[in-house]
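The structure appears below as structure tokens.
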Amino acid sequence: MMLGHRSNDAVITICQNNIAKSIEITGVNKAGEDLLGYSAADLAGKPLYQILPPRIANMLKEYVEFESDANDVGHVLGKVQSFSTVSADGKENGYRLKVVRTEATGMEISFNLVLQDKQGLRKNEALRKAIQDNFRGHEVIDADTGLPDRYSLSKDVELMGYYNNKGDLRSCFAVVQLDHYDELLSQYGRTGCHSIVKHIAVISKNTLRPDDVVGLINYKRLGILLLDTSLESARMAVNRLRWQIAANPYILPDKTNVGLSVSISFSPIGGRVNEKSVMEYCENTLEVLGAAAVNVLTEVDDAERLKADEKKA
């Protein structure tokens, strides 16, 4: 599974083999093919150096160490300030680079190199800034958690429905529900649960993209607006979040660890279904599960949403 990016990002997968002392390309997604001008078949098994300008290739040759717990290719590439590749026609093209370590098996380490075209990025950033400015224009902050409240989230979702239709964007919404809330409440009180929810919000912000919105729906639920993402990419993003929360317990003042789990329901925004109902549908999905909603990841079924809309009409 490719982590740390969305499906519309260009991604080159590479492998550092410490025994062979090589850095090879093992995969390129469709967006990467379009951006680089190479097919995945052209690049599979080829040295990464083949698509890099000499200054970056030489940096890798000089600083990458083929040993465990050493200066690997991901660390070195992460230090490159102006990353670029050489396309099939010999032109050097610059991109914004994000390096994501995906797995390490024995003496092999794999990374995803996530590339964003700078020209397209400037257009996206202008749109994102406009969206963020509009979000802030109606944002109301919850006093207990410091997060945008339910009203703010609902307005954000409505706004994204507009931008999705106008700008051909795709966005999704998720509800993150704290499992075993009643038990936590009886043990740590309302103030303690507020702190736990804020802890989950911090993990969410650190796990998701910077532009994604994390807000408070109620005492045990967070709402997350995933901007510019497909349903499949949203599924990977929220599933990764679910496991990140399980892996990072809340630490009490006395250093006691409180293990946490969440259940998540998610849905696309816009399309055939009224975006004003998305939050409600995600919440209802978790309500139907009831006590069985423990460490669950579930997608709101589009057909069921349509049936519910028809009943309301």
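Owing to the predicted nature of the structure, the values given are computational and were not obtained by experimental measurement.
Hydrophobic clustering (ILVMFWY, side-chain heavy atoms < 4.5 Å, transitive): I251 and I203 are in distinct clusters. Following chains of ILVMFWY side-chain contacts shorter than 4.5 Å, one can reach Y219 starting from I200, so the two form part of one hydrophobic cluster. Taking hydrophobic clusters as Ile, Leu, Val, Met, Phe, Trp and Tyr residues chained together by side-chain heavy-atom distances below 4.5 Å, V214 does not share a cluster with I141. Hydrophobic clustering keeps Y49 apart from V86 (ILVMFWY residues linked when any side-chain heavy atoms are closer than 4.5 Å, directly or through intermediates). V202 and V238 fall into different hydrophobic clusters, where Ile, Leu, Val, Met, Phe, Trp and Tyr are joined by side-chain heavy atoms under 4.5 Å apart, directly or via other members.
V80 has its side chain within reach of M59: a pair of non-hydrogen atoms, C-beta onward, lies under 4.5 Å apart. Counting heavy atoms from C-beta outward, C172 and L231 have side chains that approach closer than 4.5 Å. Residues R101 and H75 fail the side-chain proximity criterion, which asks for heavy atoms closer than 4.5 Å. Under the 4.5 Å side-chain criterion, counting only non-hydrogen atoms from C-beta, V28 is not in contact with Y38. L77 is not listed as a side-chain neighbour of F111, based on a closest heavy-atom distance of 4.5 Å or more. With contacts defined as side-chain heavy-atom distances shorter than 4.5 Å, the pair V64/N71 does not qualify. For the pair K205/L147, a side-chain contact is recorded, criterion being any heavy-atom separation below 4.5 Å from C-beta on. By the 4.5 Å heavy-atom criterion applied to side chains, L36 and I12 are counted as neighbours.
S154 contributes a side-chain N or O that, together with a main-chain N or O of Y151, makes up a donor-acceptor pair within less than 3.5 Å. Between the N239 side chain and the R235 main chain, no donor and acceptor come within less than 3.5 Å of each other. Of the possible donor and acceptor atoms, none in the side chain of E24 sits under 3.5 Å from a partner among the backbone N and O of P47. Panel note: side chain S263, backbone V294; a donor-acceptor pair is recorded below 3.5 Å. Side chain of D212 to main chain of R209: a donor-acceptor pair is present (N/O by atom type, distance under 3.5 Å, no hydrogens or angles). Between the side chain of Q16 and the backbone N or O of V73 there is at least one donor-acceptor pair closer than 3.5 Å. Side chain of N58 to main chain of P54: a donor-acceptor pair is present (N/O by atom type, distance under 3.5 Å, no hydrogens or angles). Of the possible polar contacts, one joining the Y95 side chain to the L35 backbone as a donor-acceptor pair under 3.5 Å is found. Within the 3.5 Å criterion, the main-chain N or O of S39 finds a donor-acceptor partner in the side chain of D42. Listed for the E108 side chain is no donor-acceptor partner under 3.5 Å among the backbone atoms of N17.
The line from CG of D144 to NE2 of H194 is 4.0 Å long, rounded to the nearest 0.5 Å. With rounding to the nearest 0.5 Å, the separation of CD1 in I264 from CG in L286 is 9.0 Å. Note that OG1 of T85 and CG of L115 are 6.5 Å apart. Values are rounded to the nearest 0.5 Å. Once rounded to the nearest 0.5 Å, the distance linking CG of L260 with CZ of R242 reads 14.5 Å. Residue E299 holds its CD atom at 10.0 Å from OG1 of T285, rounded to the nearest 0.5 Å. Rounding to the nearest 0.5 angstrom, the gap separating the CD1 atom in I19 from the CZ atom in F66 is 12.0 Å.
Centroid-to-centroid, the aromatic rings of F266 and F173 stay 6.0 Å apart or farther.
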Stepwise side-chain contact (heavy atoms from CB on, under 4.5 Å) test for L113 and V11: CA-CA 5 Å; L113 308 184; V11 182; over 6 Å; no

Stepwise side-chain contact (heavy atoms from CB on, under 4.5 Å) check, M279 with R150: CA-CA 9 Å; M279 187 186 304; R150 184 188 184 101; 3.7 Å; yes

Test log, rule side-chain contact (heavy atoms from CB on, under 4.5 Å), inputs L226 and I224: CA-CA 6 Å; L226 299 152; I224 295 177; 4.1 Å; yes

Test side-chain contact (heavy atoms from CB on, under 4.5 Å) applied to L222 and I217, step by step: CA-CA 5 Å; L222 294 175; I217 292 178; over 6 Å; no

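With T13 as the fixed residue, the side chain to side chain donor-acceptor pair (under 3.5 Å) test singles out one of N112, T102, T26: N112. Exactly one of I56, L52, I51 qualifies for a side-chain contact (heavy atoms from CB on, under 4.5 Å) with S84. That residue is I56.
Residue A40 comes nearest to E33 through the heavy atom pair N-OE2, 2.6 Å, listed as atom of the first residue, atom of the second, then distance. Here the closest heavy-atom approach between residue V300 and residue S267 is recorded as CB-CB, 3.9 Å.
Between S261 and N295, the side chains place no donor N or O within less than 3.5 Å of an acceptor N or O (distance only, hydrogens not considered).
Relative orientation of the H199 and Y250 rings is perpendicular, given thresholds of 30° and 60° on the angle between their planes.
Taking 4.0 Å as the cut-off between side-chain N and carboxylate O, R221 and E287 count as a salt-bridged pair.
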